[in-house]
Amino acid sequence: MARKPDRADNQAALSHPEDRRDAARRARAEIAFNEQGVLGTLFGEFDANLVQIENRLGVYIGARGNKIVIEGAPGDVNCAREVLKAMHERLLTGQDIDSGAIEALIAMCGEPTLEGIVTGEAKQPPIMIRTRRKTIAPRTAMQAEYMRHLAGKDIIFALGPAGTGKTYLAVAQAVSQLITGSVQRLILSRPAVEAGERLGFLPGDMKEKVDPYLRPLYDALYDCMPPEQVDRRLASGEIEIAPIAFMRGRTLSDAFVILDEAQNTTPEQMKMFLTRFGQGSRMVVCGDPKQVDIPGGHERSGLADAVGRLSGIDGMAVVRFSAADVVRHPIVGRIVEAYEGKDA
């Protein structure tokens, strides 16, 4: 299998005099994979996945047959071994591996729960969400905590910047429960603050008026279910997407309810929404407290108000993401950190 030049450079560096003097501080680990059918995908085209791990951790990885040898500093070798084992387990469970997933596993390798996240601890099943189109595993330790709460808590507040998976994972969990029949309906909502929730001046019928504001929710749905199933369930009412103003006066029973962009609700709207909770339901409230766009700028965010009032109530959970949990392009995390640093 062809090797990129930088891998050869890494290997040659091991014989450098300085490396020989530091040999006592270097470590070596070997991994043998029994399931060889996934090794091509594990290594990547032209060993791109191995190169990525080498460059990020400063180790050398040699592959022959079903065996991999890792050499480098002890901590980096241990991390590379964990990442490769986690990648292999993900492939065996039908999950995809891309550069973003590898970056996430490298970021998590210092967490004591990495192996448990991927393979399951104490004989418990691994943390993952299965939908019609994909199987989703956490990419950060905070995502793992969030996914545990999604599977067990009645109401979850997910706070944090864009790109941390708040809404996407909530939609995936909702789709999974809709498919298995544990809920009968999926209701997705958000405030249409860009138009002040006065939608009459926009062209088209009501669906055409509100769809632009709800596009991110549609995107997550279509990523988790085949388009024809999404359209059929939308037509039948099993999936409902509507502005928060449409929730008033309803009781949402046997439903998985998601409120996105919740930082743009007023305290009155948030109270109205939370009190729609019915029997057999689960509710997820997602938002970024630092991105409040309520018109006028003087109204307190209903998200901040609710978290302040309700934290610690039995059956509720609050998950706080940070720039370290951004799973989009790495530059997004750096942008978030730059803005948060400026605000601080």
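Just so it is clear, the model here is predicted, and its values are computed rather than measured.
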Legend entry - Arg309 atom CZ: more than 12 heavy-atom contacts under 6.0 Å: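 No.
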Rounded to the nearest 0.5 Å, what separation is found between the [atom1] atom of [X] and the [atom2] atom of [Y]?
{"X": "Ile313", "Y": "Ile155", "atom1": "CD1", "atom2": "CD1", "answer": "8.5 Å"}
{"X": "Gln269", "Y": "Met247", "atom1": "CD", "atom2": "CE", "answer": "12.0 Å"}
{"X": "Leu234", "Y": "Asp231", "atom1": "CG", "atom2": "CG", "answer": "6.5 Å"}
{"X": "Leu39", "Y": "Leu91", "atom1": "CG", "atom2": "CG", "answer": "9.0 Å"}
{"X": "Arg276", "Y": "Thr251", "atom1": "CZ", "atom2": "OG1", "answer": "6.0 Å"}
{"X": "Arg56", "Y": "Cys79", "atom1": "CZ", "atom2": "SG", "answer": "8.5 Å"}

Quick one: does any side-chain atom of [X] pair with a main-chain N or O of [Y] as donor and acceptor, under 3.5 Å?
{"X": "Lys271", "Y": "Thr266", "answer": "no"}
{"X": "Asn49", "Y": "Ile102", "answer": "no"}
{"X": "Ser176", "Y": "Arg130", "answer": "yes"}
{"X": "Thr164", "Y": "Asp325", "answer": "no"}
{"X": "Asn66", "Y": "Phe33", "answer": "yes"}
{"X": "Gln184", "Y": "Ala255", "answer": "no"}
{"X": "Ser281", "Y": "Asp254", "answer": "yes"}
{"X": "Ser189", "Y": "Leu259", "answer": "no"}
{"X": "Arg282", "Y": "Leu150", "answer": "yes"}
{"X": "Gln52", "Y": "Ser99", "answer": "yes"}

Inset, instruction - Could you give me the CA-CA distance, side-chain angles and deciding distance for Cys224 and Tyr168, then say whether side chain to side chain contact (heavy atoms under 4.5 Å, CB included) is met? - result: CA-CA 9 Å; Cys224 294; Tyr168 184 86; 4.2 Å; yes
Inset, instruction - Say whether Leu42 and Val69 are linked into one hydrophobic cluster, either directly or through other cluster members, by side-chain heavy-atom distances under 4.5 angstrom. - result: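 Hydrophobic grouping puts Leu42 apart from Val69.
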Legend entry - Joint cluster assignment, Tyr222 & Ile179, ILVMFWY side-chain distance < 4.5 Å: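 Yes, Tyr222 connects to Ile179 through the hydrophobic network.
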Inset, instruction - In plain terms, say whether Glu228 and Arg233 are close enough for a salt bridge, that is, a side-chain N and a carboxylate O under 4.0 Å apart. - result: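 Looking at Glu228 and Arg233, the cut-off is not met.
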Inset, instruction - Taking only Lys NZ, Arg NE, NH1 and NH2, and the carboxylate oxygens of Asp or Glu, determine whether Arg28 and Glu30 approach each other closer than 4.0 Å. - result: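 Between Glu30 and Arg28 there is a salt bridge, with a charged N closer than 4.0 Å to a carboxylate O.
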Side chains of [X] and [Y] in contact at under 4.5 Å (non-hydrogen atoms):
{"X": "Val285", "Y": "Thr265", "result": "no"}
{"X": "Leu159", "Y": "Val319", "result": "no"}
{"X": "Val307", "Y": "Arg320", "result": "yes"}
{"X": "Asp219", "Y": "Asp223", "result": "no"}
{"X": "Val284", "Y": "Tyr146", "result": "yes"}
{"X": "Ile239", "Y": "Leu178", "result": "yes"}
{"X": "Asp76", "Y": "Asn78", "result": "no"}
{"X": "Glu240", "Y": "Leu188", "result": "no"}

Inset, instruction - Determine, stepwise, if the pair Arg250 / Ile187 fulfils side chain to side chain contact (heavy atoms under 4.5 Å, CB included). - result: CA-CA 12 Å; Arg250 303 176 61 182; Ile187 300 173; 4.2 Å; yes
Determine the minimum heavy-atom distance between [X] and [Y], stating which atoms define it.
{"X": "Ala306", "Y": "Met270", "result": "CB-CG, 3.6 Å"}
{"X": "Ala144", "Y": "Pro138", "result": "N-CB, 3.5 Å"}
{"X": "Gly278", "Y": "Ser253", "result": "CA-OG, 3.9 Å"}
{"X": "Lys166", "Y": "Pro161", "result": "NZ-O, 3.0 Å"}
{"X": "Asn264", "Y": "Gln291", "result": "OD1-O, 3.7 Å"}
{"X": "Ala80", "Y": "Ile53", "result": "CB-CG2, 3.9 Å"}

Legend entry - Short side-chain donor-acceptor distance under 3.5 Å, Gln263 and Glu261: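 Note: Glu261 and Gln263 side chains meet the donor-acceptor criterion.
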Legend entry - Met283 vs Ile156, side chain to side chain contact (heavy atoms under 4.5 Å, CB included): CA-CA, chis, key distance, verdict: CA-CA 6 Å; Met283 187 174 282; Ile156 304 102; over 6 Å; no
Inset, instruction - Among residues two or more places apart or on two chains, list those pairs meeting ring pair (Phe, Tyr, Trp, His ring centres under 6.0 Å) that have a residue in residues 248-295. - result: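 Every candidate ring pair (Phe, Tyr, Trp, His ring centres under 6.0 Å) pair involving residues 248-295 fails, so no pair, neighbours aside, qualifies.
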Inset, instruction - Determine, stepwise, if the pair Arg248 / Met272 fulfils side chain to side chain contact (heavy atoms under 4.5 Å, CB included). - result: CA-CA 7 Å; Arg248 193 173 298 277; Met272 178 274 294; 3.8 Å; yes
